[in-house]
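Worksheet: the structure to be examined is printed underneath.
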Amino acid sequence: MSCNSARRPFTVFVEGNIGSGKSTFLSYFNDFADIFVALEPVHLWQDVNGHNILELMYETPLLWSFAFQSLVQKTMLDIHTAKCSQPVKMMERSLQSGRHVFIENLYRQNVMASAEYTVLTSFYESMLKNFDVNGDLIIYLRSDPEVVYNRMRERGRTEENQVSLEYLKQIHQLHEDWLVRKTVVENLPPVLILDANSSLATMEKEFKKCENIIYSRLN
Ligand code: DCP
């Protein structure tokens with residue numbers, strides 16, 4: 001990751017369900033000189049000193065969800081706080097979606113124990129208090145769970161073989177609560193909603209719109 005500026009750059013979180021096209025969307029911005037693109041480090045979760053924690057989490061969620069979400073928090077904090085020389089940082093997901101979507105869902109589905117949930121949420125509160133991990137804009141790739149379920153099956157990431165449509169519906173609902181119904185009591189930056197049901201290859205116009213919005217917010 002490149003480093004420099006002392007001030008937090010204009011920070012954009014790209015959010016949406018599994019398979020909603022966050023990485024494709026972000027790859028559009030890769031070649032912009034003013035934008036630092038931080039992809040989610042899934043590869044780091046697949047190999048922690050030889051341990052595939054993503055796989056362990058999906059195979060035995062009761063046992064491994066806490067370790068997995070702790071690892072996600074750690075890697076996300078690294079990305080939030082990485083200094084960059086560019087005036088804009090675009091991130092794939094955030095500490096906030098980890099907390100309000102994934103950790104929340106594991107707890108509500110009784111996969112994560114109350115004690116584990118309390119530890120993770122209190123870490124989260126500390127990070128919010130002690131680091132500048134805020135975003136300035138959220139781009140929400142909004143999709144139907146059925147659409148992303150098919151995309152996920154087609155891409156065939158081995159660890160996700162056991163991810164059900166039911167699970168994607170839960171993750172969708174929590175994104176909707178957080179970003180559309182705004183039921184979470186926490187500062188929320190402006191949210192730009194994109195329809196991510198269409199094939200992402202056909203969404204160039206939408207990408208361009210986001211580019212204009214980001215640059216207009218910068219000036
Ligand atoms: N994941 C999780 N908890 C988190 C973050 C991610 O369980 N706090 C899981 C869900 C996926 C995998 O990690 O199985 C990667 O998730 P993403 O949806 O963030 O990334 P994708 O590659 O699926 O995104 P896209 O297809 O939109 O590019």
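Each ligand, and each atom within it, is numbered from 1 in the order the structure gives.
Between Lys182 and Asp177 no salt bridge is recorded (no basic side-chain N to carboxylate O distance below 4.0 Å). Ion pairing between a basic and an acidic side chain is recognised when a charged N comes within 4.0 Å of a carboxylate O; Glu125 and Lys129 show no such pairing. Ion pairing between a basic and an acidic side chain is recognised when a charged N comes within 4.0 Å of a carboxylate O; Arg99 and Glu104 show such pairing.
Here is the list of ligand 1 atoms found below 4.0 Å of a heavy atom in Gly21: 25 (P), 26 (O), 27 (O), 28 (O). Which parts of ligand 1 touch Phe102 is read off a 4.0 Å heavy-atom cut-off, strictly below it: atoms 1 (N), 2 (C), 3 (N), 4 (C), 5 (C), 7 (O), 8 (N). Near Leu54, with a cut-off below 4.0 Å to any heavy atom, the atoms of ligand 1 are 13 (O). The Ser20 neighbourhood of ligand 1 comprises atoms 26 (O), 27 (O), with distances under 4.0 Å to a heavy atom of that residue. Proximity to Gly98 (heavy-atom distance under 4.0 Å) selects the following atoms of ligand 1: 8 (N). Here is the list of ligand 1 atoms found below 4.0 Å of a heavy atom in Val72: 8 (N).
Any N or O atom pair closer than 3.5 Å counts here, and Gly19 shares at least one such pair with ligand 1. Where the criterion is an N or O separation shorter than 3.5 Å, residue side chain and backbone included, Val42 fails it with respect to ligand 1. On a distance-only criterion, Ser23 and ligand 1 share at least one N/O pair closer than 3.5 Å. Polar contact check, Trp45 against ligand 1: no nitrogen or oxygen pair lies under 3.5 Å apart.
For Asn187, the CG atom counts as loosely surrounded, since its 6.0 Å shell holds 12 or fewer non-hydrogen atoms of other residues, nucleotides or ligands. Counting non-hydrogen atoms of neighbouring residues, nucleotides and ligands closer than 6.0 angstrom, the CH2 atom of Trp45 exceeds 12 such neighbours. Surrounding OH of Tyr167 are more than 12 heavy atoms belonging to other residues, nucleotides or ligands, all under 6.0 Å away.
Although no hydrogens or angles enter the test, the distance criterion places no donor-acceptor pair under 3.5 Å between the side chain of Ser65 and the main chain of Leu62. Between the side chain of Lys89 and the backbone N or O of Lys83, no donor-acceptor pair lies under 3.5 Å. At distances below 3.5 Å, at least one donor-acceptor pair connects side-chain atoms of Asn52 with backbone N or O atoms of Leu54. Judged purely by atom type and a 3.5 angstrom limit, His100 has no side-chain atom pairing as donor or acceptor with the backbone of Val184. Although no hydrogens or angles enter the test, the distance criterion places no donor-acceptor pair under 3.5 Å between the side chain of His51 and the main chain of Asp47. Between the side chain of Arg181 and the backbone N or O of His175, no donor-acceptor pair lies under 3.5 Å.
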> Does the pair Asn105 and Gln170 meet the rule for a side chain to side chain donor-acceptor pair (under 3.5 Å), with working shown?
Replying inline: CA-CA 7 Å; Asn105 190 54; Gln170 293 161 5; 3.2 Å; yes

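Heavy atoms of Met152 found under 4.0 angstrom from ligand 1: none, in either backbone or side chain. Contacts with ligand 1 closer than 4.0 Å are made by heavy atoms of both the backbone and the side chain of Ile18. Here Arg157 has side-chain heavy atoms under 4.0 Å from ligand 1, and that is the only part of it that gets that close. The residue Val163 has no part lying near ligand 1, judged by heavy-atom distances below 4.0 Å.
Residue contact annotation: Met57 has a non-hydrogen atom under 4.0 Å from ligand 1. Using a 4.0 angstrom heavy-atom cutoff, Phe25 does not count as in contact with ligand 1. Heavy-atom separations between Glu92 and ligand 1 include at least one value shorter than 4.0 Å.
Looking at atom 7 (O) of ligand 1, its nearest protein heavy atom turns out to be Phe68 CE2, 3.3 Å. Looking from atom 23 (O) of ligand 1 to the surrounding protein, the closest heavy atom is Arg155 NH2, 2.7 Å. The closest protein non-hydrogen atom to atom 18 (O) of ligand 1 is Arg93 NH2, 2.7 Å. Protein heavy atom in closest approach to atom 9 (C) of ligand 1: Tyr58 OH, 3.9 Å. Among all non-hydrogen protein atoms, the one lying nearest atom 17 (P) of ligand 1 is Glu40 OE1, 3.2 Å.
Among Gln69, Lys22, Gln46, Glu160, the residue whose heavy atom lies closest to atom 24 (O) of ligand 1 is Lys22.
Ring-plane geometry between His80 and Phe13 is classed as perpendicular, the angle between the planes exceeding 60 degrees on a 0 to 90 degree scale with a lower cut at 30.
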